[in-house]
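Data first, discussion second: the structure below is written as C-alpha coordinates.
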Number of protein chains: 2
Amino acid sequence: MAEPEDLTARARIRDAAMQLFGEHGFEGATIRGIAEAAGVSSGLVRHHFGSKQALLEACDAHLVKLIRRLNDEALAGAGGNHVAAARIAVGPYQAYLSRALVDGGAAPLFDEMVRLGAQWLAAVDRTRPDAPDVAPEVRAAVSTAMALSITVLHEHVSRAMGVDVFSPEGDVLLARALIDLYSHPMLSAEDARKALDGIERHR
Amino acid sequence: MAEPEDLTARARIRDAAMQLFGEHGFEGATIRGIAEAAGVSSGLVRHHFGSKQALLEACDAHLVKLIRRLNDEALAGAGGNHVAAARIAVGPYQAYLSRALVDGGAAPLFDEMVRLGAQWLAAVDRTRPDAPDVAPEVRAAVSTAMALSITVLHEHVSRAMGVDVFSPEGDVLLARALIDLYSHPMLSAEDARKALDGIERHR
DNA sequence: GCTTCGACTACACAAGCGTATAGTCTGCTG
DNA sequence: CAGCAGACTATACGCTTGTGTAGTCGAAGC
(Lines give C-alpha, C1' and ligand atoms only; values in the text may rest on other atoms or scores of the structure.)
Protein backbone atom coordinates (compact mmCIF):
# COMPACT_ATOMS: atom_id res chain seq x y z
CA MET A 1 0.00 0.00 0.00
CA ALA A 2 1.15 3.53 -0.69
CA GLU A 3 2.44 5.80 2.05
CA PRO A 4 -0.30 7.92 3.59
CA GLU A 5 1.32 11.19 2.58
CA ASP A 6 1.39 10.03 -1.05
CA LEU A 7 -2.36 9.56 -1.20
CA THR A 8 -4.87 12.23 -2.07
CA ALA A 9 -6.81 13.65 0.83
CA ARG A 10 -9.90 11.85 -0.42
CA ALA A 11 -8.13 8.48 -0.29
CA ARG A 12 -6.64 9.24 3.11
CA ILE A 13 -10.11 10.04 4.45
CA ARG A 14 -11.51 6.81 3.01
CA ASP A 15 -8.69 4.74 4.52
CA ALA A 16 -9.07 6.40 7.89
CA ALA A 17 -12.82 5.84 7.74
CA MET A 18 -12.38 2.13 7.00
CA GLN A 19 -10.05 1.76 9.93
CA LEU A 20 -12.24 3.67 12.40
CA PHE A 21 -15.48 2.13 11.16
CA GLY A 22 -13.82 -1.25 11.60
CA GLU A 23 -12.57 -0.41 15.06
CA HIS A 24 -15.63 1.27 16.53
CA GLY A 25 -18.47 0.51 14.15
CA PHE A 26 -20.48 3.01 12.13
CA GLU A 27 -22.10 4.79 15.05
CA GLY A 28 -19.02 4.57 17.22
CA ALA A 29 -16.75 6.27 14.71
CA THR A 30 -17.07 10.04 14.35
CA ILE A 31 -16.46 12.29 11.38
CA ARG A 32 -14.17 14.41 13.51
CA GLY A 33 -12.16 11.36 14.51
CA ILE A 34 -11.87 10.24 10.90
CA ALA A 35 -10.82 13.72 9.82
CA GLU A 36 -8.14 13.87 12.50
CA ALA A 37 -6.82 10.41 11.58
CA ALA A 38 -6.62 11.52 7.96
CA GLY A 39 -4.97 14.79 8.91
CA VAL A 40 -7.69 17.03 7.48
CA SER A 41 -10.52 19.16 8.77
CA SER A 42 -13.92 17.66 9.41
CA GLY A 43 -15.41 19.96 6.81
CA LEU A 44 -13.34 18.34 4.10
CA VAL A 45 -14.88 14.98 4.84
CA ARG A 46 -18.26 16.45 4.11
CA HIS A 47 -16.90 18.26 1.05
CA HIS A 48 -15.70 15.00 -0.51
CA PHE A 49 -18.37 12.56 0.60
CA GLY A 50 -21.43 14.63 1.44
CA SER A 51 -22.54 12.72 4.53
CA LYS A 52 -21.46 10.04 6.94
CA GLN A 53 -23.77 7.51 5.29
CA ALA A 54 -22.33 8.28 1.85
CA LEU A 55 -18.84 7.89 3.27
CA LEU A 56 -19.77 4.44 4.53
CA GLU A 57 -21.11 3.49 1.12
CA ALA A 58 -17.90 4.67 -0.50
CA CYS A 59 -15.98 2.44 1.91
CA ASP A 60 -18.21 -0.52 1.06
CA ALA A 61 -17.68 0.07 -2.64
CA HIS A 62 -13.95 0.32 -2.14
CA LEU A 63 -13.88 -2.96 -0.23
CA VAL A 64 -15.84 -4.74 -2.95
CA LYS A 65 -13.41 -3.47 -5.57
CA LEU A 66 -10.47 -4.52 -3.41
CA ILE A 67 -11.73 -8.02 -2.71
CA ARG A 68 -12.68 -8.54 -6.33
CA ARG A 69 -9.15 -7.68 -7.34
CA LEU A 70 -7.65 -9.97 -4.70
CA ASN A 71 -9.98 -12.74 -5.84
CA ASP A 72 -8.93 -12.38 -9.46
CA GLU A 73 -5.28 -12.41 -8.49
CA ALA A 74 -5.68 -15.49 -6.33
CA LEU A 75 -7.65 -17.26 -9.03
CA ALA A 76 -5.07 -16.51 -11.68
CA GLY A 77 -2.08 -17.17 -9.46
CA ALA A 78 -2.55 -20.00 -7.01
CA GLY A 79 -4.82 -22.05 -9.25
CA GLY A 80 -7.84 -21.90 -6.98
CA ASN A 81 -6.72 -23.55 -3.77
CA HIS A 82 -9.75 -23.18 -1.55
CA VAL A 83 -7.77 -23.56 1.63
CA ALA A 84 -6.32 -20.17 0.79
CA ALA A 85 -9.84 -18.85 0.31
CA ALA A 86 -10.50 -19.41 4.00
CA ARG A 87 -7.56 -17.20 4.87
CA ILE A 88 -8.49 -14.16 2.86
CA ALA A 89 -5.93 -11.52 3.62
CA VAL A 90 -7.74 -8.25 3.26
CA GLY A 91 -4.78 -6.60 4.89
CA PRO A 92 -5.67 -3.81 7.26
CA TYR A 93 -9.36 -4.07 6.40
CA GLN A 94 -10.27 -7.26 8.26
CA ALA A 95 -12.05 -5.40 11.01
CA TYR A 96 -14.04 -3.40 8.50
CA LEU A 97 -15.03 -6.57 6.65
CA SER A 98 -16.34 -8.12 9.87
CA ARG A 99 -18.36 -5.05 10.77
CA ALA A 100 -19.76 -4.74 7.28
CA LEU A 101 -20.85 -8.38 7.31
CA VAL A 102 -22.53 -8.13 10.69
CA ASP A 103 -24.04 -4.71 10.01
CA GLY A 104 -25.38 -6.07 6.76
CA GLY A 105 -23.55 -3.74 4.40
CA ALA A 106 -21.45 -6.35 2.65
CA ALA A 107 -24.26 -8.32 1.05
CA PRO A 108 -23.04 -8.05 -2.55
CA LEU A 109 -19.60 -9.10 -1.40
CA PHE A 110 -20.86 -12.20 0.35
CA ASP A 111 -23.01 -13.10 -2.63
CA GLU A 112 -20.06 -12.89 -4.97
CA MET A 113 -18.01 -15.12 -2.71
CA VAL A 114 -20.84 -17.65 -2.70
CA ARG A 115 -20.90 -17.56 -6.48
CA LEU A 116 -17.18 -18.25 -6.60
CA GLY A 117 -17.54 -21.00 -4.02
CA ALA A 118 -20.38 -22.64 -5.93
CA GLN A 119 -18.23 -22.71 -9.04
CA TRP A 120 -15.47 -24.51 -7.24
CA LEU A 121 -17.95 -26.84 -5.54
CA ALA A 122 -19.38 -27.89 -8.87
CA ALA A 123 -15.90 -28.96 -9.94
CA VAL A 124 -15.46 -31.10 -6.84
CA ASP A 125 -18.91 -32.65 -7.24
CA ARG A 126 -17.89 -34.13 -10.56
CA THR A 127 -15.35 -36.40 -8.87
CA ARG A 128 -17.72 -37.38 -6.10
CA PRO A 129 -19.15 -40.92 -5.98
CA ASP A 130 -22.55 -40.28 -4.36
CA ALA A 131 -25.01 -37.57 -5.37
CA PRO A 132 -25.05 -34.59 -2.97
CA ASP A 133 -28.05 -34.42 -0.68
CA VAL A 134 -28.68 -30.68 -1.03
CA ALA A 135 -28.39 -28.07 -3.76
CA PRO A 136 -24.91 -26.69 -4.55
CA GLU A 137 -25.86 -23.11 -3.76
CA VAL A 138 -26.94 -24.12 -0.27
CA ARG A 139 -23.68 -25.92 0.43
CA ALA A 140 -21.81 -23.00 -1.12
CA ALA A 141 -23.58 -20.55 1.19
CA VAL A 142 -22.74 -22.58 4.28
CA SER A 143 -19.11 -23.19 3.37
CA THR A 144 -18.62 -19.55 2.42
CA ALA A 145 -19.86 -18.52 5.84
CA MET A 146 -17.50 -21.03 7.41
CA ALA A 147 -14.57 -19.73 5.42
CA LEU A 148 -15.34 -16.18 6.48
CA SER A 149 -15.72 -17.15 10.12
CA ILE A 150 -11.95 -17.15 10.61
CA THR A 151 -11.75 -13.53 9.51
CA VAL A 152 -14.88 -12.39 11.32
CA LEU A 153 -13.97 -14.13 14.58
CA HIS A 154 -10.22 -13.78 14.20
CA GLU A 155 -9.87 -12.16 17.61
CA HIS A 156 -11.42 -15.14 19.36
CA VAL A 157 -9.76 -17.73 17.17
CA SER A 158 -6.39 -16.13 17.85
CA ARG A 159 -6.98 -16.10 21.59
CA ALA A 160 -8.07 -19.73 21.63
CA MET A 161 -5.17 -20.81 19.40
CA GLY A 162 -2.63 -18.86 21.40
CA VAL A 163 -1.25 -17.23 18.24
CA ASP A 164 -2.47 -14.34 16.14
CA VAL A 165 -3.98 -15.96 13.05
CA PHE A 166 -2.76 -13.07 10.94
CA SER A 167 0.85 -13.42 12.02
CA PRO A 168 3.15 -15.64 9.91
CA GLU A 169 3.21 -18.42 12.53
CA GLY A 170 -0.52 -18.22 13.04
CA ASP A 171 -1.12 -18.40 9.34
CA VAL A 172 0.87 -21.60 8.99
CA LEU A 173 -0.82 -23.15 12.00
CA LEU A 174 -4.24 -22.16 10.68
CA ALA A 175 -3.50 -23.58 7.24
CA ARG A 176 -2.44 -26.89 8.74
CA ALA A 177 -5.53 -27.00 10.93
CA LEU A 178 -7.76 -26.30 7.94
CA ILE A 179 -6.08 -28.98 5.86
CA ASP A 180 -6.55 -31.44 8.69
CA LEU A 181 -10.19 -30.51 9.19
CA TYR A 182 -10.99 -30.46 5.48
CA SER A 183 -9.37 -33.84 4.82
CA HIS A 184 -11.02 -35.67 7.73
CA PRO A 185 -14.82 -35.96 7.74
CA MET A 186 -16.30 -35.22 11.13
CA LEU A 187 -19.14 -37.61 10.43
CA SER A 188 -18.77 -41.18 9.19
CA ALA A 189 -21.15 -42.38 6.49
CA GLU A 190 -23.22 -44.27 9.03
CA ASP A 191 -23.29 -41.31 11.43
CA ALA A 192 -24.50 -39.17 8.57
CA ARG A 193 -27.24 -41.65 7.74
CA LYS A 194 -28.27 -41.81 11.37
CA ALA A 195 -28.38 -38.03 11.59
CA LEU A 196 -30.48 -37.81 8.43
CA ASP A 197 -32.87 -40.43 9.78
CA GLY A 198 -33.13 -38.37 12.93
CA ILE A 199 -34.23 -35.37 10.90
CA GLU A 200 -36.81 -37.35 8.94
CA ARG A 201 -38.20 -38.82 12.13
CA HIS A 202 -38.32 -35.43 13.77
CA ARG A 203 -40.57 -33.95 11.10
CA MET B 1 -40.07 -17.42 27.30
CA ALA B 2 -42.38 -15.59 29.66
CA GLU B 3 -44.73 -12.89 28.47
CA PRO B 4 -43.20 -9.41 28.67
CA GLU B 5 -45.82 -8.14 31.10
CA ASP B 6 -45.01 -11.02 33.47
CA LEU B 7 -41.38 -10.01 33.78
CA THR B 8 -39.99 -7.56 36.28
CA ALA B 9 -39.07 -4.17 34.90
CA ARG B 10 -35.42 -5.02 35.33
CA ALA B 11 -35.76 -8.12 33.17
CA ARG B 12 -37.82 -6.25 30.58
CA ILE B 13 -35.12 -3.60 30.34
CA ARG B 14 -32.43 -6.25 29.92
CA ASP B 15 -34.40 -8.04 27.21
CA ALA B 16 -35.09 -4.80 25.37
CA ALA B 17 -31.43 -3.88 25.63
CA MET B 18 -30.33 -7.20 24.18
CA GLN B 19 -32.67 -6.76 21.27
CA LEU B 20 -31.68 -3.16 20.53
CA PHE B 21 -27.96 -3.74 21.11
CA GLY B 22 -28.26 -6.65 18.69
CA GLU B 23 -30.14 -4.60 16.13
CA HIS B 24 -28.15 -1.37 16.20
CA GLY B 25 -24.96 -2.17 18.10
CA PHE B 26 -23.82 -0.66 21.38
CA GLU B 27 -23.36 2.90 20.13
CA GLY B 28 -26.36 2.75 17.84
CA ALA B 29 -28.80 1.77 20.57
CA THR B 30 -29.90 4.47 22.98
CA ILE B 31 -30.95 4.28 26.61
CA ARG B 32 -34.10 6.18 25.73
CA GLY B 33 -34.92 3.70 22.99
CA ILE B 34 -34.32 0.77 25.32
CA ALA B 35 -36.50 2.37 27.99
CA GLU B 36 -39.31 2.94 25.52
CA ALA B 37 -39.09 -0.64 24.23
CA ALA B 38 -39.28 -1.89 27.80
CA GLY B 39 -42.18 0.44 28.63
CA VAL B 40 -40.35 2.34 31.36
CA SER B 41 -38.72 5.70 31.81
CA SER B 42 -35.09 6.23 30.87
CA GLY B 43 -34.29 7.07 34.46
CA LEU B 44 -35.27 3.60 35.58
CA VAL B 45 -32.66 2.10 33.30
CA ARG B 46 -30.02 4.04 35.14
CA HIS B 47 -31.62 3.20 38.48
CA HIS B 48 -31.29 -0.53 37.83
CA PHE B 49 -28.03 -0.72 35.90
CA GLY B 50 -26.12 2.45 36.70
CA SER B 51 -24.73 3.14 33.25
CA LYS B 52 -24.98 2.07 29.64
CA GLN B 53 -21.72 0.17 29.92
CA ALA B 54 -22.92 -1.69 33.00
CA LEU B 55 -26.15 -2.52 31.19
CA LEU B 56 -24.13 -4.05 28.38
CA GLU B 57 -22.14 -6.12 30.84
CA ALA B 58 -25.35 -7.35 32.44
CA CYS B 59 -26.55 -8.40 28.99
CA ASP B 60 -23.29 -10.25 28.35
CA ALA B 61 -23.55 -12.04 31.67
CA HIS B 62 -27.15 -12.98 30.96
CA LEU B 63 -26.19 -14.41 27.57
CA VAL B 64 -23.40 -16.50 29.07
CA LYS B 65 -25.81 -17.90 31.66
CA LEU B 66 -28.37 -18.59 28.95
CA ILE B 67 -25.97 -20.35 26.61
CA ARG B 68 -24.50 -22.36 29.43
CA ARG B 69 -27.95 -23.61 30.32
CA LEU B 70 -28.77 -24.43 26.70
CA ASN B 71 -25.47 -26.27 26.40
CA ASP B 72 -26.15 -28.36 29.45
CA GLU B 73 -29.61 -29.22 28.22
CA ALA B 74 -28.35 -30.18 24.78
CA LEU B 75 -25.55 -32.26 26.28
CA ALA B 76 -27.90 -34.10 28.58
CA GLY B 77 -30.68 -34.48 26.03
CA ALA B 78 -29.48 -35.12 22.51
CA GLY B 79 -26.41 -37.06 23.52
CA GLY B 80 -23.89 -34.61 22.15
CA ASN B 81 -24.69 -34.43 18.47
CA HIS B 82 -22.32 -31.77 17.21
CA VAL B 83 -24.37 -31.06 14.12
CA ALA B 84 -26.86 -29.53 16.51
CA ALA B 85 -24.07 -27.47 18.04
CA ALA B 86 -23.65 -25.64 14.76
CA ARG B 87 -27.27 -24.61 14.86
CA ILE B 88 -27.32 -23.06 18.28
CA ALA B 89 -30.76 -21.68 18.80
CA VAL B 90 -30.27 -18.73 21.08
CA GLY B 91 -33.79 -17.73 20.30
CA PRO B 92 -34.30 -14.00 19.92
CA TYR B 93 -30.71 -13.27 20.95
CA GLN B 94 -28.91 -14.29 17.77
CA ALA B 95 -28.27 -10.74 16.70
CA TYR B 96 -26.90 -9.87 20.12
CA LEU B 97 -24.58 -12.87 20.03
CA SER B 98 -23.18 -11.77 16.69
CA ARG B 99 -22.57 -8.22 17.87
CA ALA B 100 -21.00 -9.38 21.09
CA LEU B 101 -18.63 -11.67 19.21
CA VAL B 102 -17.57 -8.99 16.75
CA ASP B 103 -17.40 -6.24 19.37
CA GLY B 104 -15.26 -8.55 21.47
CA GLY B 105 -17.56 -8.77 24.49
CA ALA B 106 -18.32 -12.48 24.25
CA ALA B 107 -14.81 -13.77 24.83
CA PRO B 108 -15.59 -15.99 27.83
CA LEU B 109 -18.50 -17.44 25.90
CA PHE B 110 -16.39 -18.32 22.90
CA ASP B 111 -13.73 -19.83 25.11
CA GLU B 112 -16.24 -22.04 26.83
CA MET B 113 -17.57 -23.25 23.49
CA VAL B 114 -14.02 -24.07 22.44
CA ARG B 115 -13.55 -26.05 25.63
CA LEU B 116 -16.71 -28.01 24.93
CA GLY B 117 -15.68 -28.55 21.33
CA ALA B 118 -12.23 -29.75 22.34
CA GLN B 119 -13.81 -32.28 24.65
CA TRP B 120 -15.87 -33.70 21.84
CA LEU B 121 -12.94 -33.60 19.44
CA ALA B 122 -10.84 -35.68 21.82
CA ALA B 123 -13.52 -38.35 21.72
CA VAL B 124 -13.50 -38.42 17.91
CA ASP B 125 -9.71 -38.54 17.79
CA ARG B 126 -9.71 -41.84 19.64
CA THR B 127 -11.39 -43.58 16.69
CA ARG B 128 -9.15 -41.91 14.14
CA PRO B 129 -6.52 -43.95 12.26
CA ASP B 130 -3.83 -41.31 11.67
CA ALA B 131 -2.46 -38.92 14.27
CA PRO B 132 -3.81 -35.35 13.91
CA ASP B 133 -1.39 -32.85 12.44
CA VAL B 134 -2.17 -30.01 14.86
CA ALA B 135 -3.09 -29.64 18.51
CA PRO B 136 -6.71 -30.34 19.52
CA GLU B 137 -7.26 -26.86 20.94
CA VAL B 138 -6.30 -25.32 17.60
CA ARG B 139 -8.70 -27.50 15.68
CA ALA B 140 -11.34 -26.86 18.31
CA ALA B 141 -10.89 -23.10 17.95
CA VAL B 142 -11.26 -23.25 14.19
CA SER B 143 -14.26 -25.55 14.17
CA THR B 144 -15.97 -23.52 16.90
CA ALA B 145 -15.61 -20.41 14.77
CA MET B 146 -17.02 -22.31 11.81
CA ALA B 147 -19.97 -23.54 13.84
CA LEU B 148 -20.71 -20.00 14.99
CA SER B 149 -20.43 -18.59 11.48
CA ILE B 150 -23.96 -19.72 10.65
CA THR B 151 -25.36 -17.69 13.51
CA VAL B 152 -23.11 -14.69 12.99
CA LEU B 153 -23.69 -14.52 9.24
CA HIS B 154 -27.23 -15.88 9.31
CA GLU B 155 -28.53 -12.92 7.34
CA HIS B 156 -26.21 -13.61 4.43
CA VAL B 157 -26.51 -17.38 4.64
CA SER B 158 -30.29 -17.05 4.56
CA ARG B 159 -30.19 -14.77 1.55
CA ALA B 160 -27.84 -17.06 -0.35
CA MET B 161 -29.85 -20.15 0.57
CA GLY B 162 -33.15 -18.56 -0.33
CA VAL B 163 -34.65 -19.59 3.03
CA ASP B 164 -34.36 -18.12 6.50
CA VAL B 165 -32.02 -20.47 8.35
CA PHE B 166 -33.96 -19.92 11.54
CA SER B 167 -37.30 -20.94 10.03
CA PRO B 168 -38.34 -24.60 10.30
CA GLU B 169 -37.66 -25.29 6.60
CA GLY B 170 -34.36 -23.45 6.71
CA ASP B 171 -33.30 -25.39 9.77
CA VAL B 172 -33.91 -28.72 8.07
CA LEU B 173 -32.13 -27.62 4.93
CA LEU B 174 -29.19 -26.32 6.95
CA ALA B 175 -28.95 -29.53 8.95
CA ARG B 176 -28.87 -31.60 5.77
CA ALA B 177 -26.23 -29.33 4.26
CA LEU B 178 -24.09 -29.60 7.39
CA ILE B 179 -24.40 -33.38 7.45
CA ASP B 180 -23.39 -33.51 3.81
CA LEU B 181 -20.44 -31.18 4.33
CA TYR B 182 -19.29 -32.87 7.53
CA SER B 183 -19.44 -36.37 6.04
CA HIS B 184 -17.57 -35.54 2.83
CA PRO B 185 -13.98 -34.31 3.09
CA MET B 186 -13.27 -31.35 0.86
CA LEU B 187 -9.70 -32.49 0.47
CA SER B 188 -8.57 -36.00 -0.50
CA ALA B 189 -5.62 -37.48 1.36
CA GLU B 190 -3.31 -36.74 -1.52
CA ASP B 191 -4.61 -33.19 -1.90
CA ALA B 192 -3.97 -32.68 1.79
CA ARG B 193 -0.42 -33.98 1.46
CA LYS B 194 0.16 -31.74 -1.54
CA ALA B 195 -1.18 -28.73 0.36
CA LEU B 196 1.04 -29.52 3.34
CA ASP B 197 4.06 -29.85 1.07
CA GLY B 198 3.18 -26.48 -0.39
CA ILE B 199 3.31 -24.93 3.06
CA GLU B 200 6.65 -26.52 3.91
CA ARG B 201 8.11 -25.38 0.62
CA HIS B 202 6.75 -21.89 1.13
CA ARG B 203 8.64 -21.40 4.38
C1' DG C 1 -4.78 40.35 -14.72
C1' DC C 2 -9.10 38.95 -13.72
C1' DT C 3 -12.26 35.34 -13.14
C1' DT C 4 -13.58 30.83 -11.95
C1' DC C 5 -13.51 26.58 -9.66
C1' DG C 6 -12.29 23.10 -6.51
C1' DA C 7 -9.72 21.86 -2.30
C1' DC C 8 -9.78 23.10 2.17
C1' DT C 9 -10.69 25.44 6.94
C1' DA C 10 -13.09 27.73 10.81
C1' DC C 11 -17.05 28.37 13.06
C1' DA C 12 -21.90 28.07 14.27
C1' DC C 13 -26.21 25.35 15.09
C1' DA C 14 -29.80 22.29 16.40
C1' DA C 15 -30.51 17.73 17.88
C1' DG C 16 -29.69 13.78 20.48
C1' DC C 17 -26.84 11.63 23.67
C1' DG C 18 -25.51 9.71 28.56
C1' DT C 19 -25.90 11.23 32.91
C1' DA C 20 -27.46 13.65 37.14
C1' DT C 21 -30.94 15.21 40.45
C1' DA C 22 -35.13 15.97 42.73
C1' DG C 23 -39.31 14.20 43.73
C1' DT C 24 -43.59 10.86 43.81
C1' DC C 25 -45.71 6.69 44.95
C1' DT C 26 -46.09 2.13 47.14
C1' DG C 27 -45.48 -1.34 50.38
C1' DC C 28 -43.20 -2.93 54.40
C1' DT C 29 -41.42 -2.55 59.34
C1' DG C 30 -41.45 -1.18 64.04
C1' DC D 1 -49.36 5.72 62.75
C1' DA D 2 -44.57 7.28 61.46
C1' DG D 3 -40.59 6.23 58.99
C1' DC D 4 -38.08 4.38 55.61
C1' DA D 5 -36.42 1.97 51.50
C1' DG D 6 -36.81 0.99 46.83
C1' DA D 7 -39.18 1.30 42.28
C1' DC D 8 -40.15 4.69 39.24
C1' DT D 9 -40.85 9.41 36.69
C1' DA D 10 -39.94 14.13 35.11
C1' DT D 11 -36.83 17.32 33.99
C1' DA D 12 -32.53 19.48 33.33
C1' DC D 13 -27.46 19.81 32.21
C1' DG D 14 -23.34 19.41 29.62
C1' DC D 15 -21.35 17.50 25.87
C1' DT D 16 -20.71 15.48 21.44
C1' DT D 17 -22.65 14.62 17.24
C1' DG D 18 -23.72 15.34 12.10
C1' DT D 19 -24.53 18.99 9.37
C1' DG D 20 -24.66 23.76 7.42
C1' DT D 21 -22.43 28.20 6.03
C1' DA D 22 -19.06 31.58 5.07
C1' DG D 23 -14.71 32.33 3.68
C1' DT D 24 -9.48 31.53 2.32
C1' DC D 25 -6.12 29.91 -0.84
C1' DG D 26 -3.92 28.41 -5.17
C1' DA D 27 -3.92 26.88 -9.72
C1' DA D 28 -5.96 26.84 -14.47
C1' DG D 29 -8.36 29.36 -18.47
C1' DC D 30 -9.24 33.32 -21.26
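Chain naming here is simple, since letters A, B, ... match the order of the sequence lines and numbering starts at 1 in each.
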note: E36(A), atom CD; dT16(D), atom P; distance rounded to Å ~ 13 Å
### Message
When you compare the side chain of R68(A) with that of K65(A), does any pair of heavy atoms fall below 4.5 Å?
### Response
no
To the nearest angstrom, the CZ-P distance between F26(A) and dT17(D) comes to 13 Å
So, the side chain of H47(A) versus the backbone of G43(A): is there a donor-acceptor pair under 3.5 Å, distance only? no
* Asked: Under 4.0 Å: is that the gap between some side-chain N or O of H47(B) and OP1 or OP2 of dC8(D)?
  -> no
note: K52(A), atom NZ; dT16(D), atom P; distance rounded to Å ~ 15 Å
Practice prompt. With heavy atoms under 4.0 Å as the rule, sort T30(A) into base, sugar-phosphate or nothing.
Written response: sugar-phosphate
Ranking V45(A) and E27(B) by the position along DNA chain C of their nearest nucleotide, the one closer to 5' is V45(A)
Checking only heavy atoms, does the side chain of R32(A) share a donor-acceptor pair with the base of dG18(D) at less than 3.5 Å? yes
* What nucleic acid atoms does A29(B) come within less than 4.0 Å of, heavy atoms only: base, sugar-phosphate, or nothing? -> sugar-phosphate
- Query: Does a sphere of radius 6.0 Å around CD in E23(B) hold more than 12 heavy atoms from other residues, nucleotides or ligands, not counting ones at 6.0 Å or beyond?
  - Reply: yes
Exam field: side chain H156(A) to backbone L101(B), donor-acceptor pair closer than 3.5 Å
yes
Atom CG of L44(A) and atom P of dT24(D) are separated, to the nearest Å, by 18 Å
Its 5'-most and 3'-most nucleotides having an atom under 4.0 Å from a non-hydrogen atom of chain A, DNA chain C is contacted over dA7(C) to dA12(C)
Practice prompt. Please confirm whether the backbone N or O of G22(A) pairs with a side-chain atom of R99(A), one donor and one acceptor, at under 3.5 Å?
Written response: yes
Sugar-phosphate, base or nothing in reach of R10(A), heavy atoms under 4.0 Å = nothing
Check: Any donor and acceptor pair, going by atom type alone, linking the side chain of D133(A) with main-chain N or O of D180(B) inside 3.5 Å?
Finding: no
- Would you please confirm or rule out a distance under 4.0 Å between OP1 or OP2 of dC8(D) and any side-chain N or O of H48(B)? yes
Test item: K52(A) and F21(A) side chains (from C-beta on) under 4.5 Å apart, heavy atoms: yes
When rounded to whole Å, the CZ to C1' distance for the pair R46(A) and dG23(D) reads 16 Å
Taken to the nearest whole Å, CD1/I34(A) to P/dT19(D) is 11 Å
